[in-house]
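Below, chain A is the first sequence line, B the second, and so on; all start at residue 1. On a predicted model such as this, the values are computed, not experimentally measured, just so you know.
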There are 2 protein chains.
Amino acid sequence: MQQQIIFSTDKPSIKVKSFSSIQNEIQSGNPIALSVDCVIFGFDENKLKVLLIRSDLKKYQDKWTLLGDLIAPNEDLDDAAYRILKQRTGLNNVYLEQVHTFGKVKRHPAGRVITVAYYSLINIKHHKLNILDNELHWHDIENISELAFDHQEIFNTCYERLQKRVQEHPLGFNLLPKKFSLRDLQNLYEAILGFKMDRRNFRKKFFSMDFLIDLDEIEQNVPHRPGKLYQFNYAKYEKKKKKWAGIDF
Amino acid sequence: MQQQIIFSTDKPSIKVKSFSSIQNEIQSGNPIALSVDCVIFGFDENKLKVLLIRSDLKKYQDKWTLLGDLIAPNEDLDDAAYRILKQRTGLNNVYLEQVHTFGKVKRHPAGRVITVAYYSLINIKHHKLNILDNELHWHDIENISELAFDHQEIFNTCYERLQKRVQEHPLGFNLLPKKFSLRDLQNLYEAILGFKMDRRNFRKKFFSMDFLIDLDEIEQNVPHRPGKLYQFNYAKYEKKKKKWAGIDF
DNA sequence: CCAAAAGTGTTTGCAGTACACCCATGT
DNA sequence: ACATGGGTGTACTGCAAACACTTTTGG
């Protein structure tokens, strides 16, 4: 019944546009700019951090902003994100993931700019920042405030995404040294998720997943009984991954 | 140690741009256009469907495409999505959710267009299509192929998102009549997720969630024992919702 | 009475959670 | 010796999964 209406046998009209009219529309009158903003998370001293810089705009110099720039006409969107990260920080070989696109008309004071947000997680000790323009540095997650424009909203969205993703994928290991203790791992999860967990259950969970390689080494220079060190077994994970729930990969 | 490098006490340089230089950059030379594409899912005859039209472009008239258009300079991104859906289909009062932004340089033959994908789920019987231009109609999910441009990839991404979201949120009830049987509900989930489930466990699951209102009515005109009819209790869900895993809201 | 789908319970195993004590190391 | 955190096991509970028979209706 319903289908007959939808798949009507009457010849429906087709409105077609010529190629050039579309091209005109695209090239002529569309003063919308596109940017990428990167939310780069890091981890150090048991705290989750995020990379911020001072705003490019003189008027907003006292505000912090995410790492962003306009997209070039001839680069892929994803490439733009990597370029911008590289330009702003010197960072390379970092995995970026797209999160959301923010497009309110008045979101940016300099004009109509729609921005695509990306996030990443990096190991602060492995990735030295090569560029320190605009006071680029790591801010504790807990203390960030007074971000310019809608960057607080963008940050919040990316942080929520991170919290969800880290429970479904083994992202967190990027933030740790290659050899880490279970305490390191738990501190990381607690910092990202924002709550404490039971130590025994946490260990049981990760051991039962069976993606940790026991290195038969122990921590050095700790003022207490040293813990054993582990590596994450990416190869094994890639073979086994399926569906999960909670920390369950 | 690391921190000392990052938070160097040397006065770091700040590169500032004037407001007008940014405005120039935005308005002048940026021939990137922005569009929205909508993936509208519907459900009828126990099959999941998607709305497609013939391509606007003469060259691609034999290919199906998603519902899309360029964003206007003075409208919010989300508003553009609703406008486009309304223009193409006459549909109103439909919830759209942003999924992902696609921005490869050569993704569209008419020029540099970056597109933001949205999806929705609607009840085919509740929403009559008021516009049938470009052979707009519902296609079975299983049979779609030969989509124009990168629309197959966009569709796939949205479909995966749908499958994930429907397990975490009570989206599915939008696709059903106000009064539905548990068989209807199970058919819906099986159509979306693509596999069969055990009837007893399915019922147990939904009854234990306790979000179904028993209407004390039964199906009419079925050639077998009629099932009881239910409504979804949105109010109760809104109060109780927390975190879940699998179908677990 | 036949076909078709509705409706219903139990068992089993696994996973999450709560919880307390001893051990190894450095100071 | 003491302080600090590492390492371990058990019992309980709730959810998921597997599984078969009886009931109700229309034809």
Side-chain angles (χ1 to χ4, degrees), chain A residues 45-46 166-168 170 176-177 179-191 193-231 240-249, chain B residues 45-46 166-168 170 176-177 179-191 193-231 240-249:
Chain A
E45 298 177 324
N46 288 340
V166 83
Q167 291 183 64
E168 301 180 340
L176 293 173
K179 303 173 179 186
F180 53 84
S181 68
L182 275 164
R183 166 60 51 194
D184 295 332
L185 187 60
Q186 187 172 346
N187 284 342
L188 172 65
Y189 273 89
E190 289 179 349
L193 297 178
F195 57 87
K196 300 290 180 190
M197 306 179 198
D198 182 89
R199 205 170 78 254
R200 288 162 291 189
N201 294 335
F202 186 85
R203 296 170 148 267
K204 213 186 315 175
K205 181 76 192 169
F206 273 87
F207 286 139
S208 74
M209 286 189 231
D210 208 24
F211 292 133
L212 296 181
I213 301 168
D214 185 340
L215 295 173
D216 275 319
E217 294 178 60
I218 56 171
E219 292 176 297
Q220 302 297 325
N221 304 319
V222 288
H224 54 74
R225 174 173 175 179
K228 297 181 82 171
L229 295 176
Y230 298 88
Q231 270 186 344
K240 277 196 172 184
K241 64 179 170 184
K242 26 190 175 183
K243 31 177 177 176
W244 3 238
I247 301 177
D248 198 355
F249 39 80
Chain B
E45 297 179 324
N46 288 340
V166 82
Q167 291 183 65
E168 301 179 340
L176 293 173
K179 303 173 178 184
F180 54 85
S181 68
L182 274 165
R183 165 60 50 192
D184 294 332
L185 188 60
Q186 186 171 346
N187 285 340
L188 172 65
Y189 273 88
E190 290 179 348
L193 297 177
F195 56 87
K196 300 290 180 190
M197 305 178 198
D198 182 89
R199 207 170 76 251
R200 286 161 293 189
N201 292 335
F202 186 86
R203 295 168 151 265
K204 214 185 313 173
K205 181 75 192 170
F206 273 87
F207 286 139
S208 73
M209 287 187 228
D210 207 24
F211 291 134
L212 296 181
I213 302 169
D214 184 340
L215 296 172
D216 275 319
E217 296 178 57
I218 57 172
E219 293 175 296
Q220 302 297 325
N221 304 319
V222 287
H224 54 75
R225 175 173 174 177
K228 296 181 80 171
L229 296 176
Y230 299 87
Q231 268 187 344
K240 277 198 172 183
K241 65 178 168 184
K242 27 190 174 187
K243 29 177 177 171
W244 4 241
I247 302 179
D248 200 354
F249 39 82

Gap between atoms [atom1] and [atom2], on [X] and [N] respectively (whole Å):
X        : N      : atom1 : atom2 : result
B:Asn201 : D:dC19 : CG    : C1'   : 9 Å
B:Tyr189 : D:dA16 : OH    : P     : 13 Å
B:Lys205 : D:dC15 : NZ    : P     : 7 Å
B:Phe207 : C:dA6  : CZ    : C1'   : 11 Å
B:Glu219 : C:dA4  : CD    : P     : 16 Å
B:Tyr230 : C:dA6  : OH    : P     : 11 Å
A:Glu217 : C:dA24 : CD    : P     : 20 Å
B:Arg200 : D:dC19 : CZ    : C1'   : 5 Å

Would you indicate what A:Asp198 reaches in the nucleic acid, counting non-hydrogen atoms under 4.0 angstrom: base, sugar-phosphate, or nothing? base
Residue-phosphate contact under 4.0 Å: A:Arg183 side-chain N/O, D:dG6 OP1/OP2: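 Answer is yes, contact under 4.0 Å.
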Respond yes when some side-chain nitrogen or oxygen of B:Arg203 is under 4.0 Å from OP1 or OP2 of C:dG7, and no when none is.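 For C:dG7, OP1/OP2 do have a side-chain N/O of B:Arg203 under 4.0 Å.
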Which heavy atom of A:Leu182 sits nearest to which heavy atom of A:Phe207, and what is that distance?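 Between these two residues, the closest heavy atoms are CD1-CZ, 3.1 Å.
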Looking only at heavy atoms, what is the nearest atom pair of A:Ser181 and A:Leu229, with distance? N-CD2, 3.8 Å
Just by distance, do the side chain of B:Glu219 and the backbone of B:Gly227 share a donor-acceptor pair under 3.5 Å? yes
Measure from the side-chain N and O atoms of B:Gln186 to the backbone N and O of B:Asp184, and report whether any donor-acceptor pair falls under 3.5 Å. no
Derivation and outcome, side chain to side chain contact (heavy atoms under 4.5 Å, CB included), residues B:Asn201 and B:Lys205: CA-CA 6 Å; B:Asn201 292 335; B:Lys205 181 75 192 170; over 6 Å; no
Which nucleotide in D:dG7, C:dT8, D:dA16 has an atom nearest any side-chain atom of B:Arg199: C:dT8
For A:Pro223 and A:Ser208, find the nucleotide of DNA chain C closest to each by heavy atoms; which residue's nucleotide sits nearer the 5' end? A:Ser208
Which residue lies more 5' along DNA chain D, comparing B:His224 with A:Lys228 via nearest heavy atoms: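 This one resolves to A:Lys228.
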DNA chain D: 5'-proximal contact among A:Lys204 and A:Arg225 (nearest heavy atom):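 The answer here is A:Arg225.
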